[in-house]
Colleague: 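Submitted below is the structure of interest, expressed as structure tokens.
Every chain is numbered from 1 and lettered A, B, ... according to where its sequence line falls, protein lines coming before strand lines.
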Number of protein chains: 2
Amino acid sequence: MSQLTQGELEVMQILWEHGELKPSEIQDNFPRSIKNPALRSVLGVLLDKGHVSRRQVGKAFLYKAKTRRESAFRSMLGHLADQFCQGSTRALLFNLVQSEKLSAQDIAELERIAKAASGTKSQSPKTTRVKSQKGN
Amino acid sequence: MSQLTQGELEVMQILWEHGELKPSEIQDNFPRSIKNPALRSVLGVLLDKGHVSRRQVGKAFLYKAKTRRESAFRSMLGHLADQFCQGSTRALLFNLVQSEKLSAQDIAELERIAKAASGTKSQSPKTTRVKSQKGN
DNA sequence: AACAATGTGTAGAAGTTACTGCACATGGGG
DNA sequence: CCCCATGTGCAGTAACTTCTACACATTGTT
């Protein structure tokens, strides 16, 4: 499935956050001013690409994200890895760890998360929930 | 500086790898078939955007990458973090660590790299100096 | 029934990326 | 000097993204 452009991504973010919306509601939640037909133009592209679905309710269409946020994220990350890390997200990760300035505490946290995620002998399998915090 | 497109990135990769080249040489190293004027069109865009410089030698132009590979990588990674991790590459890193399936060995390696890069005082800070990336 | 509000459909313009074709310039070998 | 290979300059096409303008349809209210 083809990559999301900037504008398409802006729309997807709103759908991921709010669920099922009609165009005017997306407009209301848009980070910048956008005219209705311009927005619908983007929605049309997203529909063609299969990233959203829509259903008619009354006279309006409700749009819903079909591609999951995590999938889109992974896809874009994978694309970046293709370009800069021989296609390996792992190599990308190592690169990132190397260039980020991490505190000892960060590193400990990192290790805990890694172990919990690998599902092996984790020391304290508490709620190491980090996920995509969208506390908007 | 504006983001690199797919085609622009393909050209940059070759310049990063080979140094200073003239268009026909870039063509020879191109992963797919591309006609000379098409390539020069991309080079022109890269020149406008400031990502490459060129100098005339004889009757030909030699093109050289001006933006460093690491800078472009970090920039694109930052862009991705803006979209999916509230602008924090650190959050992106944590997310990645969580979703990658890492072996215990990977985790140990990760920790080693992290500590070396951060130059912490928890261990022997031997080869701390990894790289000094400065903004281009 | 007429009207305003809301929402859709369609047409199309502007900018960018990616590409093609062709004419022109320069430098070495006959 | 003429020819030809290499390389540039320039004009223009095609697809895509983003956006605008405007007409038409539906619903609720008066």
Colleague: Hey, mind stepping through B:M12 and B:V52 against side-chain contact (heavy atoms from CB on, under 4.5 Å) and telling me if it holds?
Modeller: CA-CA 8 Å; B:M12 291 302 288; B:V52 305; 3.5 Å; yes
Colleague: Between atom CE in B:M12 and atom C1' in C:dA18, what is the gap in whole Å?
Modeller: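 After rounding, the reported distance stands at 18 Å.
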Colleague: Spell out protein contact along nucleotides 7-24 of chain D as letters: B when the base is contacted, S when just the sugar-phosphate is, - when no protein heavy atom is under 4.0 Å; keep the 5' to 3' order.
Modeller: SBB-------SBBBB---
Colleague: At what distance, to the nearest 0.5 angstrom, does CD of B:E8 lie from CG of B:L43?
Modeller: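 Between atom CD of B:E8 and atom CG of B:L43 there are 10.0 Å.
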Colleague: Nearest 0.5 Å, please: how far is NZ in B:K66 from CG in B:L15?
Modeller: 13.5 Å
Colleague: Is any side-chain heavy atom of A:F73 less than 4.5 Å from a side-chain heavy atom of B:C85?
Modeller: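 Of all side-chain heavy-atom pairs linking B:C85 with A:F73, at least one is under 4.5 Å.
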Colleague: Working to the nearest 0.5 Å, report the span between CG of A:D106 and NZ of A:K101.
Modeller: 12.0 Å
Colleague: How many whole angstroms separate atom CG of B:L43 from atom C1' of C:dT16?
Modeller: 17 Å
